[in-house]
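Scroll down for the structure; my scribbles are underneath it.
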Amino acid sequence: MAELTYRQAIAAGIAQEMGRDPSVVLLGEDVGAAAGVFKTYSGLYKQFGPTRVRDTPISEEAIVGAAIGAAMTGLRPVADIMFADFLATCWDMVANQAAKTRYMLDGQVTLPLVIVTGNGGGLRFGAQHSQSLENWAMAVPGLKVVAPSTPADAFGLLAASIRDPDPVLFFGHKALYAVKASVPDGEHVEALGRAVIRREGKDVTLLALAAMVPRALAAAEVLAEHGIDATVVDLRTLVPLDTATIFEAVSRTGVAFTVEENPRLLGWGAEIASLIAEECFEALDAPVVRITAPHVPLPAAGVLEDSAIPSVERICATVLERCA
Amino acid sequence: MTSTPIGTTPGRADQATRVQMYEQMVHIRSFEKRVLALFHQGLVPATSHLSTGMEAIAVGVAANLRPGDSTLCTYRGHAHVLARGSSMEAMFAELIGRATGLLGGKGGSMHLASAEHGALGSYAIVGAHIPIAAGVAWSAQYRNTDQVVACFFGDGATNIGAFHEGLNLAAVWKLPVVFVCENNRYMEYTPIGSVTAVAHPAADRARAYGLEPVLIDGNDADVVFTAAAEACSRARAGDGPTLIEAETYRHFGHSNSDPAKYRPEAEVEEWLERDPITIYRSRLLAEGLDESVLTQIDVSADDAVEQAASAALAAPVPTVDEIEKNVWADGSGSWRS
C-alpha cells in the first residue's frame, strides 16, 4: 500500500477517474499549472493538459454554472471552489440550479458533477476561510454530501463522487491535507452512503465527521484510560446518510455524542440526534449530547480558534461529565 | 409546427423558412392567448410570464438552430420552448399541473424544458442560466462538435453578477454561445434605463468582453434571423460568442398579475403598432405571398392550440407518489442509504 497525504489522495482520485473516463474534466481557480492553492491537484495539468484541467477567472458562479451546463450535456465536471466559504458566492448555482434541475425537469437531464472544496478550520484563516459548511449542503434536497477523514477515503470517496450520476459536494478538510496514511494500491473506489466504525467500544458512541474523526479517536484512547470504552463512527457521507450503521452503533452502547466542527445551531448532529430520538429511542440510556463549536463566527487567533473547535480535551471532558 | 432547421447561409432566410417563422409566431401568439384565458379561469396557478409581442426573437433565432443545438431561456420562455418544437399539449398540461405535463407537474410555468428538442430549461433565477449556457457550450466545444447554444435573457439580467461572470468566461474560452438580450424596456415594473448605467444594457457592455456590439430590431423576424445566422456561423466556426441586444416590447405586464400601468400609454400604442406578427404578415403579402397561405396558418394554429388545450384539460393530475421521484438519477428521492 502506498503512503499518500490527503492532498495527494485528492489528486490521485481525480487522476484515476480522468484516466479511465475522458468525460471527466476539472475546472477552477488556479487548478492548472498552479495545481490548486492547496496543491490538491498536483500532476493533473501535466498529465491531462489544459483542455481537461482548466483555469477559470475568479467567478464562482461561472465555475459551478459551467459545471452544471457541461454535466447536463455529457461531461463529468469536477469544479473546485477553493474555500468552502466561497460557496456563498455561488449558492444560487449550487442550491437552486444544480440541486433542483433534475427534479424540476422530472428526470429529463442528469447532473453528474462534483464540487470539491476546502472546508473547515484550524489554520487561523479567520471567519471567512474556515467554516465547516456541510450542513448548508445537507439542508438542500438534491445534493449529496461527502466529507472524508483519511487519505484513503479522500481518494476512494472522490472517485465514487465522480462516478456518481448526481451532484456531489465533496468537502475536503484543509486541516487534514498534510495528513499522510496508506491508500490501497490499484483502482480504489469507495461507496457513498456508508459510514465506517473506526473503533469498537461498548460504553459510548462518538459520531464524527472529517477532522473530528481523528480527534474522536484520540479522545477514545484517553477515555479508555478512564475506563470508558468508546465506539467511533466516521460518518463519511451525510447524504446519503447511513442511518443503519449509526443506529446499530448507538444501540450497542446506549449513549451517543456527536462531534461537530460546525457552529451549534442546526449542525448535522442536530438531524442525527433527532433521527436517533425518533427511530431508536428505546436503545438510549441517556440523551444524545452534541459537542460543537459555539454559535459564533470562527475567530482567527490560535487560542480562540482552538477553543472554539471541539478538541480532544473537550470531547473527553464532555463524555466524562455525562458518564460520571 | 415543426422545428426542422432549414439550411441557410448567413443572410436572409429562404422563403420556406420565412413562412415557417410566421407560422411559429402565430402558434406562439395563439398558445399564450390561451394560457392567459386559462389563467383568468383560475386553471393556471401562481402566474405565468407571457412573451406576447416578442415572438420574432424566438423564431428568428430558432430558425438557425439544428438538432443537437441547445436553447436556454428564462421564466418568460413559452416562445423559446415552442420554437424548438416542444409539444403544446404537454406545455399546457404542465402549466395547469397535470400528469401529462412536460415536467410531470414538477416544474410549472417557469421551468419549461424539452431536452429531446434541445430546450435545456427555463430559468427563473434571473441570469443564472448565462453561466450554465456557457457550460453547455463548453461541453460542445470539448466534444469537438459544431453545436451552438442560444441563451435568451431579459434586460434586467444584465445587471446581475452571473451575466458578467458568464459573458467573461464564454469570451475567454471562445465558447459557441449566442447570447440574446431581449430588451423589452422594463425589468419587472421598473424602466431599465432608470437602473442601468448605459443606454443599451447589453450592447453597450459587449466591448467589456471583447465582443462587437450588436443592436437589432427584435420585432423584425428577418432582422433577428440574419443577426442570429451570423452569430451561429461564428460560433460553429469556433470564433466564440456573440452578444445580441434585440429591442422589443411585451404587450402585457411582467406577469399575469401585473396590469403594467407604469408604462406610458403612447409608448404602449407605439409598440402595439410594431407588432412583429402584423409587420411580418404585411411584408410577406407585399412580397406577393398568397394571403390564403397565411390565413390557413392562422386558422390551423388556433385549431392546434384548442386541441392541445382540450387534451391537457382532460388529463389527470399527477399521483402523489411522484413527489419522491426523480430527485436522483436512480429515480428515487431517498436521502438515507
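Throughout, protein chains are lettered first and strands after them, A, B, ... in sequence-line order, and every chain is numbered starting at 1. Worth saying up front: this structure is predicted, and the values here are computed from it rather than measured.
B:A113 touches chain A through backbone and side chain together, each having a heavy atom under 4.5 Å away. At a 4.5 Å heavy-atom cutoff, A:L111 makes no contact with chain B through either its backbone or its side chain. Contact annotation for A:L192: neither backbone nor side-chain heavy atoms come within less than 4.5 Å of a heavy atom of chain B. If you measure heavy-atom distances from A:T73 to chain B, the contacts under 4.5 Å come from both the backbone and the side chain. If you measure heavy-atom distances from A:D92 to chain B, the contacts under 4.5 Å come from the side chain alone. Only the backbone of A:L143 comes within contact range of chain B, judged by heavy atoms closer than 4.5 Å. Proximity to chain B is limited to the side chain of A:V25, based on heavy atoms less than 4.5 angstrom apart. Only the side chain of A:Q97 comes within contact range of chain B, judged by heavy atoms closer than 4.5 Å.
Of the listed residues (A:T89, A:T245, A:I58, A:L27), the greatest number of heavy-atom pairs within a distance under 4.5 Å of chain B belongs to A:L27. Considering only heavy-atom pairs separated by less than 4.5 Å from chain B, the leading option among A:I68, A:L75, A:T51 is A:L75. Here B:I132 is the residue among B:I132, B:L120, B:L102 with the most heavy-atom pairs under 4.5 Å with chain A. When A:S23, A:A71, A:A70, A:G193 are compared by the number of non-hydrogen pairs under 4.5 Å with chain B, A:A70 comes out ahead. Chain B forms the most heavy-atom pairs under 4.5 Å with one residue out of A:M104, A:Q108, A:R54, A:R194, and that residue is A:R54. With chain B as the partner, the residue from A:M138, A:E61, A:M93 showing the most heavy-atom pairs under 4.5 Å is A:E61. Among B:A124, B:A115, B:S70, the residue making the largest number of heavy-atom pairs under 4.5 Å with chain A is B:A115.
Using modelled atom types, one side-chain atom of B:E94 and one backbone atom of B:G104 make a donor-acceptor pair closer than 3.5 Å. With hydrogens and angles ignored, the 3.5 Å screen pairs a side-chain donor or acceptor of B:Q141 with a backbone N or O of B:W173. At least one donor-acceptor pair under 3.5 Å links the side chain of B:H117 to the backbone N or O of B:G85. No donor-acceptor pair under 3.5 Å is formed between the side chain of A:T237 and the backbone N or O of A:V239. Side chain of B:H129 to main chain of B:Y123: no donor-acceptor pair is present (N/O by atom type, distance under 3.5 Å, no hydrogens or angles). Of the possible polar contacts, one joining the B:R234 side chain to the B:P241 backbone as a donor-acceptor pair under 3.5 Å is found. A donor-acceptor contact shorter than 3.5 Å links the side chain of A:R102 to the backbone of B:W328.
Side-chain atoms of B:H164 and B:R205 form no donor-acceptor pair, as typed in the model, at a separation below 3.5 Å. Judged purely by distance below 3.5 Å, without hydrogens or angles, the side chains of B:T71 and B:R84 pair a donor atom with an acceptor atom.
The distance from the CZ atom of A:R198 to the CG atom of A:D234 is 4.0 Å, given to the nearest 0.5 Å. In this structure, CE on A:M72 lies 6.5 Å from CG on B:L72, to the nearest 0.5 angstrom.
Under 4.0 Å is where a charged nitrogen must lie from a carboxylate oxygen, and between A:E248 and A:R252 at least one such pair does. Between A:D242 and B:R336, none of the side-chain N atoms (NZ, or NE/NH1/NH2) sits under 4.0 Å from a carboxylate O, so this pair counts as no salt bridge.
Using cut-offs of 30° and 60° on the angle between ring planes, the pair B:Y209 and B:F163 is perpendicular.
Residues from residues 314-326 of chain B that place a non-hydrogen atom less than 4.5 Å from a non-hydrogen atom of chain A comprise B:E322, B:I323, B:K325, B:N326, given in numerical order. Listed in order of number, the residues of residues 142-159 of chain B that approach chain A to under 4.5 Å between heavy atoms are B:Y142, B:R143.
A:K144 forms no cation-pi arrangement with B:W335, by the criterion of a distance under 6.0 Å to the ring centre and an angle within 45° of the ring axis.
Residue A:Q128 places its CD atom among 12 or fewer non-hydrogen atoms of other residues, nucleotides or ligands, all under 6.0 Å distant.
Taking each heavy atom of A:V168 and A:S161 in turn, the nearest pair found is CG1-OG, 3.5 Å.
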